[in-house]
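For this chain, numbers begin at 1 and follow the sequence in order.
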Amino acid sequence: MKKSIAKHIENKDFVKVYIVDKEDLIITHFEGIIFEQSNKFIFMNDTNDFNFDGFIVLRKTDISEIKCTDNERFFKEIIDNEKITDLIFQRRRNLEFKLDNFQGMCNCLKNLNLPIIVECKYGNDKRFLIGPINDVEDKKVRIKYFNSRGEFDIKPVSAKYKEITFLRIDSPYANMFYKYTKEPE
């Protein structure tokens with residue numbers, strides 16, 4: 001898979017990436033351009049209905065399939081012609097980020113003071129965490145979580161790295177919400 005990912009990166013292919021759980025059941029998929037890979041992770045943008053929807057970090061071990069069919073090539077043609085690809089690459093250039101391990105990535109993101117989305121979709125404890133990183137520990141990250149009313153929880157919430165299905169970075173959804181959040185009284 002590493003060679004095929006390298007080819008997709010080199011060609012700037014638009015791909016569809018499927019992730020699965022431990023029983024090989026598809027959890028979700030992402031559509032976009034893969035920018036980088038390390039031994040354990042890939043870093044790509046996510047595109048939803050022709051719109052940029054943030055950058056995604058995925059474990060390679062969770063990936064069941066990477067598709068680049070005529071459908072994805074046609075989608076790439078559209079986003080190229082509409083200059084959406086240029087905007088995605090510009091956003092990527094503006095994001096200083098190192099793809100190493102969850103602890104290192106979270107430290108980097110904490111320094112950027114960006115809100116992130118952490119989704120844990122494995123097992124029974126499915127969670128959606130949104131907010132800036134409060135602190136980074138050896139085995140978990142603590143998020144200064146805010147709710148759907150833009151109010152921060154009094155205490156940060158945590159996610160163990162082994163429970164994280166994916167990180168979403170520079171999401172228009174998280175960025176807009178974060179702009180209107182309020183500190184607890």
Side-chain angles (χ1 to χ4, degrees), residues 1-102 104-106 108-109 112-122 126 128-130 132 164-180:
M1 183 184 317
K2 191 170 183 171
K3 286 183 183 180
S4 66
I5 292 172
K7 183 179 176 190
H8 291 308
I9 292 169
E10 181 183 331
N11 295 339
K12 299 177 182 167
D13 290 332
F14 188 89
V15 297
K16 191 178 283 188
V17 177
Y18 293 89
I19 60 172
V20 296
D21 63 13
K22 291 176 181 157
E23 286 79 41
D24 282 337
L25 298 173
I26 293 174
I27 294 176
T28 191
H29 73 276
F30 302 97
E31 299 176 5
I33 299 165
I34 301 172
F35 288 94
E36 189 178 337
Q37 70 173 325
S38 66
N39 287 337
K40 294 185 179 183
F41 300 98
I42 67 165
F43 179 74
M44 67 182 291
N45 80 289
D46 190 25
T47 305
N48 186 8
D49 296 335
F50 300 106
N51 293 304
F52 171 79
D53 197 21
F55 295 101
I56 303 294
V57 174
L58 299 170
R59 279 188 197 90
K60 285 182 173 179
T61 56
D62 295 340
I63 297 171
S64 65
E65 181 180 11
I66 298 176
K67 286 175 56 174
C68 186
T69 67
D70 288 342
N71 295 341
E72 286 76 32
R73 285 187 276 282
F74 181 62
F75 201 99
K76 176 77 160 61
E77 183 181 325
I78 292 170
I79 66 171
D80 284 351
N81 289 336
E82 292 295 321
K83 307 291 186 224
I84 297 166
T85 305
D86 295 341
L87 296 172
I88 291 168
F89 274 85
Q90 180 61 44
R91 286 184 94 127
R92 172 61 183 114
R93 283 189 292 277
N94 292 334
L95 183 63
E96 292 291 326
F97 185 73
K98 186 172 181 202
L99 194 65
D100 49 10
N101 56 48
F102 275 130
M105 288 184 271
C106 289
C108 182
L109 293 169
L112 294 174
N113 196 34
L114 287 173
I116 65 169
I117 295 173
V118 174
E119 290 206 38
C120 303
K121 292 183 171 270
Y122 302 127
K126 295 176 179 29
F128 174 93
L129 309 175
I130 183 171
I164 296 173
T165 308
F166 63 89
L167 296 177
R168 187 178 299 269
I169 305 159
D170 195 24
S171 155
Y173 178 84
N175 293 344
M176 183 69 72
F177 241 128
Y178 188 49
K179 182 177 173 181
Y180 293 96

Open item on the list: Could you walk me through whether K60 and I42 satisfy the side-chain contact (heavy atoms from CB on, under 4.5 Å) test, starting with their C-alpha distance in whole Å, then the side-chain angles of each, then the deciding distance to 0.1 Å, before giving a yes or no?
Closed with: CA-CA 7 Å; K60 285 182 173 179; I42 67 165; 4.0 Å; yes
Open item on the list: Quick one, F55 with F35, criterion ring pair (Phe, Tyr, Trp, His ring centres under 6.0 Å). Give me CA distance, side-chain angles, the key distance, then yes/no.
Closed with: CA-CA 10 Å; F55 295 101; F35 288 94; 5.8 Å; yes
- [ ] Could you please spell out the steps behind the side-chain contact (heavy atoms from CB on, under 4.5 Å) verdict for F30 and I19?
- [x] CA-CA 8 Å; F30 302 97; I19 60 172; 4.0 Å; yes
Task: Intermediate values then yes/no, side-chain contact (heavy atoms from CB on, under 4.5 Å), L95 and L114 - done: CA-CA 10 Å; L95 183 63; L114 287 173; 3.7 Å; yes
Task: side-chain contact (heavy atoms from CB on, under 4.5 Å) between I78 and F74, worked out - done: CA-CA 6 Å; I78 292 170; F74 181 62; 3.5 Å; yes
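Note: N11 CG to H8 NE2 = 8.5 Å, rounded to the nearest 0.5 Å. The NE2 atom of H29 sits 13.5 Å away from the CD1 atom of I63 when rounded to the nearest 0.5 Å. Separation of atoms CD1 (I169) and CD1 (I116) is listed at 7.0 Å; rounding is to 0.5 Å.
In this structure, L87 and F52 have side chains that are not in contact, with every pair of non-hydrogen atoms separated by 4.5 Å or more. Counting heavy atoms from C-beta outward, K126 and T165 have side chains that stay 4.5 Å or more apart. With a 4.5 Å cut-off on side-chain heavy atoms, T61 and K40 do not count as touching. With a 4.5 Å cut-off on side-chain heavy atoms, F97 and R92 count as touching.
A donor-acceptor pair under 3.5 Å links the side-chain atoms of E72 to the main chain of T69, judged by distance alone. A donor-acceptor pair is defined here as one N or O able to donate and one able to accept, closer than 3.5 Å; such a pair exists between the side chain of N45 and the backbone of I33. The main-chain N or O of D49 is found under 3.5 Å from a side-chain atom of N51 such that the two form a donor-acceptor pair. Proximity of a side-chain donor or acceptor of R59 to a complementary backbone N or O of I164 within less than 3.5 Å is detected. For D46 (side chain) and E31 (main-chain N/O), a donor-acceptor pair under 3.5 Å exists by modelled atom type. The backbone N or O of F166 lies less than 3.5 Å from no partner atom in the side chain of K121, so there is not a single donor-acceptor pair.
Minimum interatomic distance between P172 and G54 (heavy atoms only, all atoms of both residues): CD-N, 3.9 Å. The two residues S38 and L99 make their nearest non-hydrogen contact at CB-O, 3.4 Å. Of all the heavy atoms in M105 and D100, the pair that sits closest is N-OD1, 3.3 Å. Here the closest non-hydrogen pair linking E96 and C108 is O-SG, 3.2 Å.
Figure legend: cation-pi geometry between K16 and F75 absent, as NZ or CZ is not positioned both under 6.0 Å from the six-membered ring centre and within 45° of its axis.
Under the 30°/60° scheme for interplanar angles, the aromatic rings of Y173 and F128 are found to stand perpendicular.
Using a 4.0 Å cut-off between charged nitrogen and carboxylate oxygen, D13 and K7 do not count as a salt-bridge pair.
For F102 and F41, the ring centers are positioned less than 6.0 Å apart.
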